[in-house]
Amino acid sequence: MELTKYPGTFSIYKKSGAAQFTFMEPRFNEMGRIEKPGAILLEAAEGQGEKSYSWKNKISFAFGMSDLCQVFDNPDKPPRLVHSTPNSPVMKNLEFVPGEGKYTGTYMMKIGEKSNESNTYKNVTVPLTSGEYTVLLRLFMSTAPTMIGWK
């Protein structure tokens, strides 16, 4: 019996915010060639009290291969990632800020979305333990070949 693979979600819930990472498979055309590469979708929502999150106001951010390459250039201190779509008033940014002092080894994931059209800015901050950040990097690494159709 062959098992069908369904992408799962890696979720992190903290009081200040929650993050969900989901793998999106590449799309193939009728010739079997990749029409659209895969990605990792991050959806983040601000915390609203005890175990409650504002998912209707979530921020979505799709990690492509170039984003993963930037993170892996220096995984201990990854650069700030910025996404802006041509002809769109929305700009998104994501950063993993390394902890200092007694927080060394942990990370603060900060994601923001700015709309020039409505002049609004929203952001979500999710603290990551060393283990959560390590699992995230390993998930990124293991999905990379599938994103480009090598698996």
Side-chain angles (χ1 to χ4, degrees), residues 1-28 34-85 88 90-115 118 120-151:
M1 176 206 289
E2 186 177 319
L3 294 176
T4 305
K5 285 175 42 176
Y6 295 100
T9 299
F10 176 52
S11 301
I12 302 169
Y13 295 97
K14 303 293 172 81
K15 191 173 187 174
S16 62
Q20 297 179 334
F21 296 86
T22 306
F23 176 65
M24 299 184 313
E25 303 252 351
R27 257 188 299 184
F28 294 88
I34 290 186
E35 194 171 274
K36 183 173 182 178
I40 298 165
L41 177 65
L42 162 61
E43 296 174 300
E46 191 174 16
Q48 294 186 313
E50 197 63 33
K51 297 182 181 181
S52 179
Y53 303 94
S54 178
W55 289 109
K56 69 177 183 169
N57 294 316
K58 70 183 176 187
I59 302 172
S60 298
F61 192 97
F63 285 87
M65 188 55 69
S66 66
D67 296 316
L68 294 185
C69 290
Q70 288 181 58
V71 169
F72 285 121
D73 274 344
N74 187 359
D76 293 333
K77 192 172 187 215
R80 183 175 189 235
L81 303 173
V82 178
H83 284 189
S84 60
T85 307
S88 171
V90 177
M91 186 177 83
K92 299 177 185 185
N93 62 74
L94 172 69
E95 59 185 327
F96 295 95
V97 180
E100 297 177 353
K102 70 178 186 176
Y103 298 107
T104 298
T106 65
Y107 287 82
M108 195 62 77
M109 185 184 77
K110 297 180 178 184
I111 183 168
E113 180 179 280
K114 180 181 181 187
S115 172
S118 62
T120 58
Y121 182 79
K122 58 184 176 180
N123 67 334
V124 176
T125 302
V126 181
L128 305 176
T129 65
S130 176
E132 289 165 335
Y133 187 68
T134 300
V135 167
L136 189 57
L137 290 178
R138 289 183 183 219
L139 288 172
F140 284 174
M141 191 172 291
S142 67
T143 57
T146 308
M147 286 172 67
I148 59 173
W150 283 13
K151 274 191 175 183

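Source: prediction; values computed, not measured. Worth knowing before you read on, the calculation uses all heavy atoms, side chains too, and leaves out hydrogens, waters and symmetry mates.
Scanning for side chain to side chain contact (heavy atoms under 4.5 Å, CB included) contacts around S84 gives M91, with sequence neighbours left out. Every residue meeting the side-chain hydrogen bond (donor to acceptor under 3.5 Å, both in side chains) condition with S118, not counting sequence neighbours, appears here in chain and number order: S115, T120. With sequence neighbours left out, K122 forms a salt bridge (charged side-chain N to carboxylate O under 4.0 Å, His left out) with E113. Judged as a side chain to side chain contact (heavy atoms under 4.5 Å, CB included), and not counting sequence neighbours, the contacts of D76 are N74, Y107. Contacts of K110 classified as salt bridge (charged side-chain N to carboxylate O under 4.0 Å, His left out), with partners at least two apart in sequence or in another chain: none. Under the rule for a side chain to side chain contact (heavy atoms under 4.5 Å, CB included), the partners of S130 that lie at least two apart in sequence or sit in another chain are T134. Judged as a side-chain hydrogen bond (donor to acceptor under 3.5 Å, both in side chains), and not counting sequence neighbours, S142 has no contacts. Evaluation of the side chain to side chain contact (heavy atoms under 4.5 Å, CB included) rule for P79 yields Q70 as partners, not counting sequence neighbours. Taking Y13 as the reference, Q20 meet the side-chain hydrogen bond (donor to acceptor under 3.5 Å, both in side chains) condition, with sequence neighbours excluded.
Atom CD of E35 has more than 12 heavy atoms from other residues, nucleotides or ligands within 6.0 Å. For Y103, the OH atom sits in a loose shell: 12 or fewer heavy atoms of surrounding residues, nucleotides or ligands are nearer than 6.0 Å.
For the atom pair CG of L136 and CE of M141, the computed distance is 11.5 Å after rounding to the nearest 0.5 Å. Going from atom CG of L81 over to atom NZ of K92 covers 13.0 Å, rounded to the nearest 0.5 Å. In this structure, CG in N93 is found 8.5 Å from CG in N123, a value given to the nearest 0.5 Å. Atom CZ of R27 and atom CD1 of I34 lie 11.5 Å apart (nearest 0.5 Å). Put simply, CG on L42 and CD1 on I111 are 4.5 Å apart, with the number rounded to the nearest 0.5 Å. Once rounded to the nearest 0.5 Å, the distance linking CD1 of I148 with OG1 of T143 reads 10.5 Å.
Considering every non-hydrogen atom in both H83 and A62, the closest pair reads CE1-O, 2.9 Å. Closest of all the heavy-atom pairs between M109 and A19 is CE-CB, 3.5 Å. Residues S60 and L41 come closest through the heavy atom pair CB-CD1, 4.1 Å. For the pair F23 and T146, the tightest heavy-atom approach, listed with the atom from each and the gap, is CZ-CG2, 3.6 Å. In this structure, L68 and A144 approach most closely via the heavy-atom pair CD1-CB, 4.4 Å.
Side chain of Y133 to backbone of P75: a donor-acceptor contact under 3.5 angstrom is found. At least one donor-acceptor pair under 3.5 Å links the side chain of S88 to the backbone N or O of V90.
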Indicate every side-chain donor-acceptor pair of residues 44-58 with a distance under 3.5 Å to a residue at least two apart or in another chain.
residue: Y53; atom: OH; partner: K14; partner atom: O; Å: 2.9
residue: S54; atom: OG; partner: N57; partner atom: ND2; Å: 3.1
residue: K58; atom: NZ; partner: E43; partner atom: OE2; Å: 2.6

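Note: F21 and F140 have perpendicular aromatic rings, judged against thresholds of 30 and 60 degrees for the angle between ring planes.
Within the structure, no pair that satisfies the salt bridge (charged side-chain N to carboxylate O under 4.0 Å, His left out) test touches residues 63-75, not counting sequence neighbours.
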In sequence, state the C-alpha distance, the side-chain angles, and the governing distance for F63 and M147, and then conclude on side chain to side chain contact (heavy atoms under 4.5 Å, CB included). CA-CA 10 Å; F63 285 87; M147 286 172 67; 5.6 Å; no
